[in-house]
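What follows is a single structure, and I will ask about it in a moment.
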Amino acid sequence: MNEIPNEIMVTAVRTPAEGMALLEKLTQVAQPEVVYSRPIQEGNYTVITASEVAMGYGFGFGGGGGWAPSQEAESPETTGGAREAAGAGGGGGGGGSSMARPVAVIAIGPDGVKVEPVVDVTKVVLAFFTAFGGMFLMFSRMWRFSREGG
Amino acid sequence: MPQLSDYILWDTVTGEPFEKDGTVMTPLTQVLAVQLPFGPAGAGFVWNRPVALLVERDGDVQRVPIVDVTRIAQVGLLLGVLVAGLLAGRRRRNQDE
């Protein structure tokens with residue numbers, strides 16, 4: 001995986017134009033070079049990792065201004081109501097997130113090309129507990145409804 | 001008039017082929033990219049995952065798929081819950097009738 005996602009994540013955006021430029025740069029994450037690592041030579045084998053990469057980013061800028069008669073202008077002793085107070089302000093914000101997860105390791109050796117999958121046990125266990133929790137909630141509600149109904 | 005394809009890209013992208021001991025490998029990835037510019041605001045999302053490797057040796061081209069076992073396990077578990085819920089709901093309806 002190359003450095004493009006890291007470069008994007010550490011870039012500061014100060015103007016809408018810079019935000020749009022960064023949005024354009026986000027398309028570089030769509031290149032295959034981001035997913036496949038550079039080949040690493042180890043003995044007779046060349047190893048490449050293949051990773052899933054996801055990246056999201058958003059920004060927004062806003063501003064406004066207004067005017068109002070000042071307190072001085074409202075008093076008849078001063079300037080007869082000609083003075084006004086004006087103000088303007090603006091701001092912006094943004095944020096992003098990126099994720100990369102190894103999917104497989106590709107080993108190229110004398111016996112050909114082998115693709116070894118990488119299992120993310122944490123994600124599988126989390127999915128198992130989420131599924132189990134969902135099933136438990138669903139069945140407990142069904143059981144309660146059938147008891148109330150019957 | 002802007003087209004939907006200006007904002008959303010869903011495609012299989014072919015990477016730069018590389019050669020090792022007479023074997024040429026071409027990586028393939030699947031990309032979902034969304035770009036939404038709204039005046040002074042904007043948002044973007046890119047999802048890129050490996051799909052397969054095209055291995056060319058002695059004139060033969062072989063497609064070696066890259067299987068995401070973690071994703072299959074996640075989707076399988078969630079689908080299992082959905083199916084169990086549907087079956088349980090159907091059984092309960094049958095009992096009520």
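Lettering of chains follows the sequences in order, A, B, ..., and the numbering in each one begins at 1. It should be emphasised that the depicted structure is a prediction, and the values quoted were computed from it without experimental measurement.
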Greatest number of non-hydrogen atom pairs under 4.5 angstrom with chain A, of B:Ile66, B:Leu32, B:Asp68, falls to B:Asp68

Can you get from A:Phe132 to B:Leu78 by hopping between Ile, Leu, Val, Met, Phe, Trp and Tyr side chains that sit under 4.5 Å apart?
-> no

So which residues of residues 57-64 of chain B are in contact with chain A at a heavy-atom cut-off of under 4.5 Å?
-> B:Arg57, B:Val64

Within 6.0 Å of CD in B:Glu19, more than 12 heavy atoms from elsewhere = yes

Using heavy atoms and a sub-4.5 Å threshold, report which of residues 8-17 of chain B line up against chain A, by residue number.
-> B:Val13, B:Thr14, B:Gly15, B:Glu16

Measure A:Ile48 against the heavy atoms of chain B and call it side chain, backbone, both or neither at under 4.5 Å.
-> side chain

What residue, out of A:Met99, A:Met135, A:Met138, A:Arg101, has the most heavy-atom pairs lying under 4.5 Å from chain B?
-> A:Arg101

Is A:Val105 reachable from A:Tyr45 through a run of hydrophobic residues whose side-chain heavy atoms are each under 4.5 Å from the next?
-> no

Check each atom of B:Ala84 against the heavy atoms of chain A and say whether the ones under 4.5 Å are side chain, backbone, both or neither.
-> both

Going from OG1 on A:Thr46 to NZ on B:Lys20, what distance comes out if it is rounded to the nearest 0.5 angstrom?
-> 3.5 Å

Please round to the nearest 0.5 Å and tell me the distance separating atom OG1 of B:Thr26 and atom OH of A:Tyr36.
-> 10.0 Å

A:Phe129, CZ atom: more than 12 neighbouring heavy atoms under 6.0 Å | no

Which of residues 47-55 of chain B get closer than 4.5 angstrom to chain A, counting heavy atoms alone?
-> B:Trp47, B:Asn48, B:Arg49, B:Pro50, B:Val51, B:Ala52, B:Leu53, B:Val55

By a 4.5 Å heavy-atom criterion (distance strictly below it), what part of A:Val103 contacts chain B: side chain, backbone, both, or neither?
-> both

Top contributor to chain A interface from B:Leu28, B:Leu36, B:Thr23 [non-hydrogen pairs under 4.5 Å] | B:Leu28

Specify which of A:Leu126, A:Val124, A:Val121, A:Thr130 makes the most heavy-atom pairs with chain B at under 4.5 Å.
-> A:Val124

Residue pairs fulfilling side chain to side chain donor-acceptor pair (under 3.5 Å) with at least one residue in residues 115-128 of chain A, sequence neighbours excluded | none

Any idea which heavy atoms bring B:Val67 and A:Pro117 closest together, and the distance?
-> O-CB, 4.1 Å

Among B:Val46, B:Leu77, B:Thr29, B:Val31, the residue with the most heavy-atom pairs under 4.5 Å to chain A is B:Val46

Which region of A:Val118, side chain (C-beta onward) or backbone (N, CA, C, O), has a non-hydrogen atom less than 4.5 Å from a non-hydrogen atom of chain B, or is it both or neither?
-> backbone

